[in-house]
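Here the structure comes first, spelled out in structure tokens, and everything after it is commentary.
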Number of protein chains: 2
Amino acid sequence: MPRTINFNAGPATLPLAALERAQAELTDFASTGMSVMEHSHRGKEYEAVHDEAIALMRELTGVPDSHAIVFLQGGATQHFAQIPMNFVPQGGSADLVVTGAWGEKAETEGIPAAKLVGGTLRIAADTGKPAGKTKSYVRVPRKDEIKIDPNAAYVHFTSNETIHGVQYTEIPDSGNVPLVCDMSSDFLWRKMDYSRFSMVYAGAQKNIGPSGIVVALIRKDFLERGNKSLPKILQYKTAVDQNSLYNTPPTFAIYLVRNVLAWLKSTGGLARIEKDNREKAKLVYEVIDEHAEMFRCPVEKSSRSTMNVVFTLPSAELERKFLEEAKAERMVGLKGHRSVGGIRVSLYNAVSLDWTRTLAEFMAEFAARNW
Amino acid sequence: MPRTINFNAGPATLPLAALERAQAELTDFASTGMSVMEHSHRGKEYEAVHDEAIALMRELTGVPDSHAIVFLQGGATQHFAQIPMNFVPQGGSADLVVTGAWGEKAETEGIPAAKLVGGTLRIAADTGKPAGKTKSYVRVPRKDEIKIDPNAAYVHFTSNETIHGVQYTEIPDSGNVPLVCDMSSDFLWRKMDYSRFSMVYAGAQKNIGPSGIVVALIRKDFLERGNKSLPKILQYKTAVDQNSLYNTPPTFAIYLVRNVLAWLKSTGGLARIEKDNREKAKLVYEVIDEHAEMFRCPVEKSSRSTMNVVFTLPSAELERKFLEEAKAERMVGLKGHRSVGGIRVSLYNAVSLDWTRTLAEFMAEFAARNW
């Protein structure tokens, strides 16, 4: 079966090279007569993979030794709770900036989490507008709309809202307040100064691997402020002190992340992938703007996501037709999130320029044919 | 490379059939032109796998609808904390029975977790004896040694202590106090009444899959007692209500669990595997007892584990020689846990009778040759 053109929002398509490498050695890793997932997490064969994954992450992100790199579990959602538990001090508070469904979730999970440790969360900005039972989000906040409490333990941003297709071009300066960022759906899409964040975390299942593994970069001095009365397993400091081996990590997931990062490096690293990603987003937004009679992107231009392009068609009937015809041409994963509807095109690192061109051509042709 | 004879304690060997199935379809699952890990966790292709894994678990364990079956993350260690957070009421307490390193860990993680929600943990029994910096464990408690508080929210047991090789033949009756059991290293090794537990949980990386996934059986009426002020992601009720899809689950790990369970069923289910497992343990303990001059198992006979056989040799020099010669015959994973030393043979479901015979013959021959 030829490879399907996969625009899934996550779990998402992975580089074929990373999958084929896993396939070739699935039952016999490094000539050991065993799968990598059958190796002890404390043996030298797995250790080499673990260390290489971290080294590649350090090289690609460029974060210096001021930051630790760790693998965690539970998805970003668990960390919406675990971050306040670690970093909101008793009687203190942290700030959230809400720009979409994931920011809302960081709030929903974070409020009871902060309460557990005797603290609170505060909304520093929220760009949501009531829209029926939910809220709509079409832009990131302007700098002057973000009211950061100078005493906040940290301020939490979502760099890219996967469901609403809203992304920061630049994440605002938070002054002396530590910056914590959920980068699940746009981690490693471009070169940037990752070291300006006190904590960056990302579920792997968009740009860097399978679901079931979270990567975090954490400033070591920020880490030291963590709540030390929590159970050890819930303290980020434990994961860092034990090099992500406090308990058995998801070894096969980390192995796959290693494969993806090795592919990313070998194909030119972040500079090359950023160029492709910008070109891919441009291709799709251009066809949207050129066919305004057919495609409507609700997101303000300056907040349009390079990773998740969302748009609607004039009717539910046309959207169904669009999805069916795309599928007939082997393009899948284009249905918008059930909470917002419409179409969503996810253009993560492993989505090729060729795939994107095929989609853009299909969109133009669909618009011409159905108007 | 021929298959290595792998006695790892976990991550452990997996059935070759389950791995080969994964390998064959790694880049093209169910003729979709995509890996199963590239499918949406809400699409029908993955959903079929998810549902089949749960159905196989229900069939193999035989638990009725009184119990929910869920997939979780974080390893057993996270649940050492999460269980008290969910089930210890404010001002209340739960009981722990400590029979080895994992029971100790349930205590270490559990005490601060219970404290977070305003409760405490109490030790109902502890068979540990001081041994240098750590404690030694050589048996499970006698029934009369277990002092369960009748008001305890639950009592927590470790059915098999992987590091110390101590296992219950029968887990004691806890009367009206809900029974919670960490079954990480002996889940599904035999037929038993799994429904007598209010909660059974197990890290997959011993008997049922790769690391990075935890399976739990939870009585629905017990679930309802859970703390509803916790962040949703930390409430077991959420995982149950959302069929383990509240957030993105580790889809590939669940797929592998499905493959392992399908293998288990196709090879005769729990009745057949129990017969093999008892025979395997018998083979190794017999050679230990027959060569008492060379091998010494510290565990009392009635508490000897069928899953992890631990023993020592007369000197560190002989232990080194034993490990080296075993390795030369392609047998690995035999080194005891770093905290206790000696030798450990893990005989999980995927370790064949043939492999075990090869080991037993090697042991007898080693004893004869070195005496």
Side-chain angles (χ1 to χ4, degrees), chain A residues 1-4 6 8-14 16 19-20 22-23 26-28 31-35 37-41 73-78 80-81 108-110 112-113 115-117 203 205 210-213 229-234 246-253 256 330 333 338, chain B residues 1-4 6 8-14 16 19-20 22-23 26-28 31-35 37-42 73-78 80-81 108-110 112-113 115-117 203 205 210-213 229-234 246-253 256 330 333:
Chain A
M1 168 76 61
R3 192 118 167 104
T4 294
N6 178 356
N8 268 338
T13 192
L14 292 168
L16 186 59
L19 291 173
E20 286 178 337
Q23 184 171 40
L26 196 77
T27 63
D28 185 11
S31 301
T32 58
M34 297 155 55
S35 178
M37 70 182 92
E38 298 177 301
H39 275 275
S40 167
H41 58 300
Q73 293 189 58
T77 307
Q78 180 170 321
F80 295 160
T108 311
E109 298 292 337
K115 197 173 169 190
L116 259 184
V117 293
Q205 68 271 19
S211 59
I213 182 84
S229 65
L230 293 178
K232 281 206 160 81
I233 185 74
L234 295 177
Y246 178 60
N247 67 337
T248 317
T251 54
F252 192 67
L256 285 165
R330 306 187 46 72
R338 60 208 148 90
Chain B
M1 168 76 59
R3 192 118 167 102
T4 294
N6 178 354
N8 269 339
T13 192
L14 292 169
L16 185 59
L19 291 174
E20 285 178 338
Q23 184 171 40
L26 196 78
T27 62
D28 184 12
S31 301
T32 58
M34 297 156 56
S35 178
M37 70 183 92
E38 299 177 300
H39 275 275
S40 167
H41 57 299
R42 305 201 187 273
Q73 293 189 58
T77 306
Q78 179 171 322
F80 295 159
T108 311
E109 299 291 337
K115 198 174 169 189
L116 259 184
V117 293
Q205 69 272 19
S211 59
I213 183 82
S229 65
L230 293 178
K232 280 206 162 78
I233 185 75
L234 296 178
Y246 177 60
N247 66 337
T248 317
T251 54
F252 193 68
L256 285 165
R330 307 187 45 72

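The structure displayed is predicted, hence computed values, not measured ones. Chain identifiers are assigned alphabetically (A, B, ...) following the order of the sequence lines, protein sequences preceding nucleic acid strands; residue numbering begins at 1 within each chain. Only this structure's heavy atoms are used, side chains among them; waters, hydrogens and symmetry mates stay out.
The part of B:A12 that comes within reach of chain A is its backbone (N, CA, C, O), which places non-hydrogen atoms under 4.5 angstrom from that chain. Proximity to chain A (any heavy atom under 4.5 Å) is restricted, for B:H39, to the backbone atoms N, CA, C and O. For B:A22, the parts sitting under 4.5 Å from any heavy atom of chain A are the backbone and the side chain alike. Using a 4.5 Å cut-off between heavy atoms, B:Y246 contacts chain A through both its backbone and its side chain. Heavy atoms closer than 4.5 Å to chain A are found in the backbone of B:S229, but not in its side chain. Contacts of B:Q205 with chain A are made by side-chain atoms alone, with heavy-atom separations under 4.5 Å and no backbone atom involved.
Ranked by heavy-atom pairs under 4.5 Å with chain B, the first of A:P231, A:P210, A:G212 is A:P231. Contact count versus chain B (heavy atoms, under 4.5 Å) is highest, among A:T32, A:N6, A:L16, for A:N6. When each of B:L256, B:T108, B:T13, B:V117 is checked for heavy-atom pairs under 4.5 Å with chain A, B:T13 comes out on top. Between chain B and the options A:G74, A:S35, A:G75, A:S31, the largest number of non-hydrogen pairs under 4.5 Å is found for A:G74. Between chain A and the options B:L234, B:T248, B:I213, the largest number of non-hydrogen pairs under 4.5 Å is found for B:T248. If you tally non-hydrogen atom pairs under 4.5 Å between each of A:G110, A:A9, A:A81, A:S40 and chain B, the highest count goes to A:S40.
Atom CD of residue B:E20 and atom CG of residue A:L26 lie 9.5 Å apart, to the nearest 0.5 angstrom. Atom CZ in B:F80 sits 9.0 Å away from atom CG in A:N247 (nearest 0.5 Å). Atom OG1 of A:T77 and atom NZ of B:K232 lie 12.5 Å apart (nearest 0.5 Å).
Residues A:M34 and B:M1 are not in side-chain contact: their nearest non-hydrogen atoms beyond the backbone lie 4.5 Å or more apart.
Partners of A:R3 under the salt bridge (Lys or Arg N to Asp or Glu O under 4.0 Å) rule, at least two apart in sequence or in another chain, are B:E38. Residues passing the side chain to side chain contact (heavy atoms under 4.5 Å, CB included) test with A:K115: none are found, sequence neighbours excluded.
Shown here for B:H41 and A:P11, the closest heavy-atom pair between the two residues is ND1-CD, 3.4 Å. Considering all non-hydrogen atoms of both residues, B:P250 and A:S211 come closest at CA-OG, 3.6 Å.
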